[in-house]
Amino acid sequence: MATNITMPALSPTMEEGNLAKWLKNEGDAVKSGDVLCEIETDKATMEVEAIDEGTLLKIIVPAGTQGVKVNAVIAVIGEAGEKVDGPTAAAPKAAAAEPAPVAATPAAPAAAQPAVAHGERVFASPLARRIASDAGVDVSKIAGSGPKGRVVKSDVDAAIAGGGAKASATPSASAPTAAAAAPKGMSEEATLKLFAADSYELVPHDGMRKTIAKRLQESKQTIPHFYVSVDCELDALLALRTQLNANAAVKKTEKGDVPVYKLSVNDMVIKALALSLRDVPDANVSWTDTNMVKHKHADVGVAVSIPGGLITPIIRAAETKSLSTISNEMKDLGARAKGRKLKPEEYQGGTTAVSNMGMMGVKNFAAVVNPPHATILAVGAGEERVVVKKGEMKIANVMTVTLSTDHRAVDGALGAELLGAFKRYIENPMSMLV
């Protein structure tokens, strides 16, 4: 019996993905555990394995297809020779209730057939929705001339020209008000009018950029950010790092002897932040509307820049791990992040994060808290500065760090306590080894 293969949900928040590549062809034998295809999410490329055995009878969604919804049928597996015309699942019952296409006419708005089906869903193209929204037109009151009554651009233009289908000044209780809707930036149409037609090119947003934009917009709209900065002297840390790296054991490889670890300043920053959260447990939290989620371990996410955006692989229970373990885990996670080979559990969750732009020469900055975190540490460049000690000016390597906090969960005093603990570990790095 033929079995549908559907687009899997590779993470709890995944709604759609891109079908990047098929590794099996129609007619190929398939065994349980065989890799069928590769799926691209906003952050990673994942392999989809077969659960059933049989023959790949039909590929429904071709390679390169973008925006495939979770649970959509992508292929069919069954017995060799079995006839399959398409997905074996029955069409949704509600499909029979969809209205037939309605011709667009200049009739009065009251006579227009609303483009509504399946409850309160309005069938309209994204472009039609945007034009209607900009013009203050209620798209649900426009007669749709597209397939199955779908409202298209020409329908909206006709409604605007006829002066009909204007949105009600007093919205119904069930409809979201303009104030409740998320604020939007300038429309693309309005933006492009500001530039000469031949002075730009349009680059479509990929899934990663859309997700980053959505999450950071939600963060700044919902999280009351609070910022605390401090300068940390690095001379003792740099000296200890040099000593530890010089005494690292080596392992033999085809390329010769290679140290078993090579610590970076960022590895030591991760450890210091994790120990600080262990020492100040009230700051190792996540906010929810009903409870404060108090975490038992410091799972530190580390922002890694990759083409098209960034991803934050996580060092789990970092307060329990040695510097060498953190260093090696970070090198592995960073390399796989750049190849979009991380598993969802390797970059989702976490209790805090580090964003280090010091290697780019940035002196200081403030990062955006990424839910469910309540804190993120922005790390600037270490540089020689003049400091005053006991009334005398001296030169020291100094690094500025800024802690961004969710003020609902970590207020100013608690954030300052956490940052004070971090500064002590950085300036007394031997304490991270005991």
Side-chain angles (χ1 to χ4, degrees), residues 1-98 117-118 121 123-129 146-150 152 202-212 214 306-309 311 339-345 347-348:
M1 179 178 177
T3 302
N4 289 338
I5 306 299
T6 60
M7 171 65 80
L10 301 176
S11 71
T13 58
M14 178 177 168
E15 297 180 355
E16 61 182 34
N18 303 332
L19 206 157
K21 182 193 302 183
W22 281 102
L23 301 177
K24 293 284 187 180
N25 299 313
E26 289 186 0
D28 286 355
V30 176
K31 295 185 297 184
S32 178
D34 285 354
V35 178
L36 292 175
C37 60
E38 291 183 353
I39 302 297
E40 291 180 350
T41 67
D42 57 328
K43 298 285 188 179
T45 300
M46 306 290 290
E47 295 179 338
V48 176
E49 296 182 354
I51 299 176
D52 300 299
E53 296 187 356
T55 299
L56 183 57
L57 300 176
K58 189 173 183 65
I59 291 176
I60 306 298
V61 178
T65 303
Q66 298 186 353
V68 183
K69 297 295 184 182
V70 168
N71 294 327
V73 178
I74 60 175
V76 181
I77 289 179
E79 297 180 3
E82 191 173 353
K83 298 295 184 180
V84 177
D85 295 327
T88 61
K93 293 181 179 179
E98 290 182 351
H118 302 324
R121 181 181 175 187
F123 288 94
S125 71
L127 179 59
R129 287 179 182 275
K148 298 181 180 179
R150 185 181 181 90
V152 294
L202 298 179
V203 181
H205 301 307
D206 62 12
M208 174 178 290
R209 181 51 58 187
K210 289 178 181 178
T211 299
I212 290 172
K214 179 181 178 182
I306 62 177
I311 191 169
R340 297 199 178 192
K341 296 297 182 182
L342 293 178
K343 300 175 183 177
E345 60 267 23
Y347 62 83
Q348 292 184 340

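Treat the numbers as computed from the prediction; the structure is a model and nothing was measured. The residues of the chain are indexed from 1 along the displayed sequence. Note: hydrogens, waters and symmetry copies are ignored here, and every other heavy atom, side chains too, is used.
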Rounded distance (nearest 0.5 Å) linking atom [atom1] of [X] with atom [atom2] of [Y]:
X      : Y      : atom1 : atom2 : value
Thr3   : Asp52  : OG1   : CG    : 4.5 Å
Arg340 : Ile306 : CZ    : CD1   : 5.0 Å
Asn4   : Asn71  : CG    : CG    : 11.0 Å

Checklist line | Cys37 vs Ile39 side-chain heavy atoms within contact, under 4.5 Å | finding: yes
Notebook entry, point to check: With a 4.5 Å limit on heavy-atom distance, are the side chains of Pro307 and Met208 in contact?
Noted result: no
Over all heavy atoms of both residues, which pair between [X] and [Y] is shortest? Give the atoms and the distance, please.
X     : Y      : value
Trp22 : Leu36  : CE3-O, 3.4 Å
Met46 : Leu342 : SD-O, 3.5 Å
Ala9  : Val70  : CB-CG1, 3.8 Å
Ala63 : Ala20  : CB-O, 3.9 Å
Pro8  : Val48  : CG-CG2, 3.8 Å
Gly67 : Asn18  : N-OD1, 3.0 Å

Check: Can you name the side chain to side chain donor-acceptor pair (under 3.5 Å) partners of Thr211, sequence neighbours left out?
Finding: Asp42
Next item on the list: State whether the side chain of Thr45 and the backbone N or O of Lys341 hold a donor-acceptor pair below 3.5 Å, judged by distance alone.
Entry: no
Margin query: Is it the case that atom CD1 in Ile51 sees more than 12 heavy atoms from other parts of the structure closer than 6.0 Å?
Written below: no
Checklist line | Which residues share a side chain to side chain contact (heavy atoms under 4.5 Å, CB included) with Val68, sequence neighbours left out | finding: Met7, Val61, Thr65, Ala72, Ile74
Checklist line | Sequence-distant partners of Glu79, side chain to side chain contact (heavy atoms under 4.5 Å, CB included), two or more places apart | finding: Glu82
Notebook entry, point to check: What pairs with Glu16 under salt bridge (Lys or Arg N to Asp or Glu O under 4.0 Å), at least two apart in sequence or on another chain?
Noted result: Lys69
Next item on the list: Can you run down the salt bridge (charged side-chain N to carboxylate O under 4.0 Å, His left out) pairs that involve residues 26-40, sequence neighbours left out, and say none if there aren't any?
Entry: Lys24-Asp34
